Engineer: 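First, the structure itself, so that you have it in front of you.
The shown structure was predicted, so the numbers you read here are calculated from the model rather than taken from an experiment.
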Amino acid sequence: QVQLVESGGGLVQPGGSLRLYCAVSGSISSILSINDMGWYRQVPGNEREFVASMTRGGRVVYADSVKGRFTISRDAVNNVYLQMNSLNPEDTAVYYCAAGFLIRTRQIDYWGSGTLVTVSS
């Protein structure tokens with residue numbers, strides 16, 4: 001089994017930046033079996049939407065709404081980061097870390113519990 005724990009959310013003014021962090025733990029074999037890791041976000045009342053993902057091989061995909069503003073990265077032990085710049089109120093959501101075979105197509109085996117990002121003046 002794999003556990004994902006997000007951190008780094010908070011309140012930021014429009015135009016500001018935040019860096020989210022997803023810590024991965026669990027059995028080594030399960031962690032090594034993960035191909036793709038990334039982020040989704042959800043506003044209450046809306047469907048959870050894809051934000052960004054990065055495969056073990058380094059292939060990166062971004063949602064159109066965050067391209068050029070968000071950057072995903074992944075370290076050697078599969079912890080995942082999301083650098084968010086030029087934030088606007090539409091980015092306000094709970095951000096969830098996800099891990100599995102192919103995040104963008106919802107082939108997801110593990111979810112974190114989420115971290116709240118609020119963009120407001």
Side-chain angles (χ1 to χ4, degrees):
Q1 284 295 319
V2 172
Q3 293 79 45
L4 307 176
V5 179
E6 304 94 335
S7 61
L11 174 64
V12 63
Q13 292 188 341
S17 298
L18 279 177
R19 183 175 171 87
L20 303 185
Y21 172 58
C22 175
V24 182
S25 63
S27 71
I28 297 298
S29 60
S30 295
I31 292 173
L32 292 177
S33 72
I34 295 171
N35 176 58
D36 198 16
M37 293 194 68
W39 298 88
Y40 273 69
R41 66 186 182 185
Q42 187 171 26
V43 176
N46 289 3
E47 192 172 315
R48 197 171 292 190
E49 66 172 6
F50 170 78
V51 175
S53 64
M54 186 174 190
T55 67
R56 189 193 302 139
R59 183 171 186 270
V60 175
V61 180
Y62 293 102
D64 288 343
S65 58
V66 307
K67 276 181 186 173
R69 300 188 299 122
F70 290 12
T71 302
I72 188 171
S73 59
R74 188 169 164 177
D75 64 23
V77 294
N78 277 341
N79 297 316
V80 181
Y81 306 84
L82 186 68
Q83 178 66 42
M84 306 187 295
N85 299 328
S86 301
L87 286 161
N88 58 61
E90 290 69 39
D91 296 315
T92 295
V94 177
Y95 284 71
Y96 296 90
C97 183
F101 179 71
L102 199 61
I103 298 303
R104 184 171 52 86
T105 60
R106 292 184 177 264
Q107 296 178 67
I108 296 169
D109 297 313
Y110 308 104
W111 288 100
S113 58
T115 185
L116 177 62
V117 172
T118 303
V119 184
S120 175
S121 55

Engineer: Is it true that Arg69 and Glu90 have a side-chain N and a carboxylate O under 4.0 angstrom from each other?
Structural biologist: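 Between Glu90 and Arg69 there is no salt bridge, as every charged N stays at least 4.0 Å from the carboxylate O atoms.
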
Engineer: Would you name the heavy atoms of Asn85 and Ser17 that are closest together and state the gap between them?
Structural biologist: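 Looks like OD1-OG, 2.9 Å.
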
Engineer: Working to the nearest 0.5 angstrom, can you tell me the gap between Tyr81 OH and Thr71 OG1?
Structural biologist: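 It comes to 14.5 Å.
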
Engineer: Donor-acceptor pair, distance only, cut-off 3.5 Å: does the side chain of Asn35 make one with the backbone of Phe101?
Structural biologist: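 Between the backbone of Phe101 and the side chain of Asn35 there is a qualifying donor-acceptor contact (under 3.5 Å).
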
Engineer: Test side-chain hydrogen bond (donor to acceptor under 3.5 Å, both in side chains) on Thr55 and Asp36; report intermediate values, then the result.
Structural biologist: CA-CA 4 Å; Thr55 67; Asp36 198 16; 5.4 Å; no

Engineer: Working to the nearest 0.5 angstrom, can you tell me the gap between Ser30 OG and Asp109 CG?
Structural biologist: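 One finds 9.5 Å between OG of Ser30 and CG of Asp109.
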
Engineer: Keeping Glu6 on the side-chain end and Cys97 on the backbone end, is there a donor-acceptor pair under 3.5 Å?
Structural biologist: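 Side chain of Glu6 to backbone of Cys97: a pair is present.
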
Engineer: Among the clusters formed by ILVMFWY side chains lying less than 4.5 Å apart, do Val51 and Leu87 turn up in the same one?
Structural biologist: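 As far as the 4.5 Å side-chain criterion goes, Leu87 and Val51 are connected within one cluster.
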
Engineer: If you look only at distance, which donor and acceptor atoms sit under 3.5 Å apart when one is on a side chain in residues 110-121 and the other is two or more places apart or in another chain?
Structural biologist:
| from | atom 1 | to | atom 2 | distance (Å) |
| --- | --- | --- | --- | --- |
| Thr115 | OG1 | Gly9 | N | 3.2 |

Engineer: Please verify the inter-ring angle class for Tyr95 with Phe70; under 30° counts as parallel, over 60° as perpendicular, anything in between as tilted.
Structural biologist: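 Ring orientation, 0 to 90° scale: tilted.
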
Engineer: To the nearest 0.5 Å, what is the distance between NZ on Lys67 and OH on Tyr62?
Structural biologist: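 Separation between the atoms: 10.5 Å.
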
Engineer: Ignoring hydrogens and geometry, is there a side-chain-to-backbone donor-acceptor pair from Arg56 to Ile34 under 3.5 Å?
Structural biologist: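 Yes.
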
Engineer: Once you round to the nearest 0.5 Å, how far does CD1 of Ile72 lie from CD of Gln83?
Structural biologist: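 Reported to 0.5 Å precision, the distance equals 12.0 Å.
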
Engineer: Residues two or more places apart in sequence or in another chain: which of them pass side chain to side chain donor-acceptor pair (under 3.5 Å) with Ser86?
Structural biologist: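 Testing Ser86 for side chain to side chain donor-acceptor pair (under 3.5 Å), a comparison that skips the adjacent residues, returns none.
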
Engineer: Could you pull out the closest heavy-atom pair between Met37 and Asn78, with the gap in Å?
Structural biologist: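 Looking at all heavy atoms of both residues, the shortest contact is SD-O, 3.1 Å.
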
Engineer: As an exercise, state the distance from CZ of Arg41 to CZ of Arg48, rounded to the nearest 0.5 Å.
Structural biologist: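 Between Arg41 CZ and Arg48 CZ, I get 13.5 Å after rounding to 0.5 Å.
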
Engineer: Show, in sequence, the C-alpha distance, side-chain angles and deciding distance for Thr92 and Val43, and conclude whether the side chain to side chain contact (heavy atoms under 4.5 Å, CB included) test is met.
Structural biologist: CA-CA 7 Å; Thr92 295; Val43 176; over 6 Å; no

Engineer: Tell me whether Ile108 shares a hydrophobic cluster with Val5, the cluster being built from Ile, Leu, Val, Met, Phe, Trp, Tyr side chains joined at under 4.5 Å.
Structural biologist: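 No; Val5 is not reachable from Ile108 via cluster members.
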
Engineer: Hydrophobic clustering (ILVMFWY, side-chain heavy atoms < 4.5 Å, transitive) - are Ile103 and Tyr96 grouped together?
Structural biologist: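 In one cluster with Tyr96: Ile103, yes.
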
Engineer: If you round to the nearest 0.5 Å, how far is CG of Leu82 from SG of Cys22?
Structural biologist: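 The CG atom of Leu82 is 10.5 Å from SG of Cys22, to the nearest 0.5 Å.
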
Engineer: Are Tyr40 and Tyr21 connected into the same hydrophobic cluster when the rule is that any two of I, L, V, M, F, W, Y join if their side-chain heavy atoms are below 4.5 Å apart?
Structural biologist: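 No, Tyr21 and Tyr40 fall in different hydrophobic clusters.
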
Engineer: When clusters are formed by joining ILVMFWY residues with side-chain heavy atoms under 4.5 Å apart, either directly or through shared neighbours, do Met84 and Val66 land in the same one?
Structural biologist: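 Same cluster.
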
Engineer: Do side-chain atoms of Arg104 reach the backbone of Val61 as a donor and acceptor pair under 3.5 angstrom?
Structural biologist: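 Absent.
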
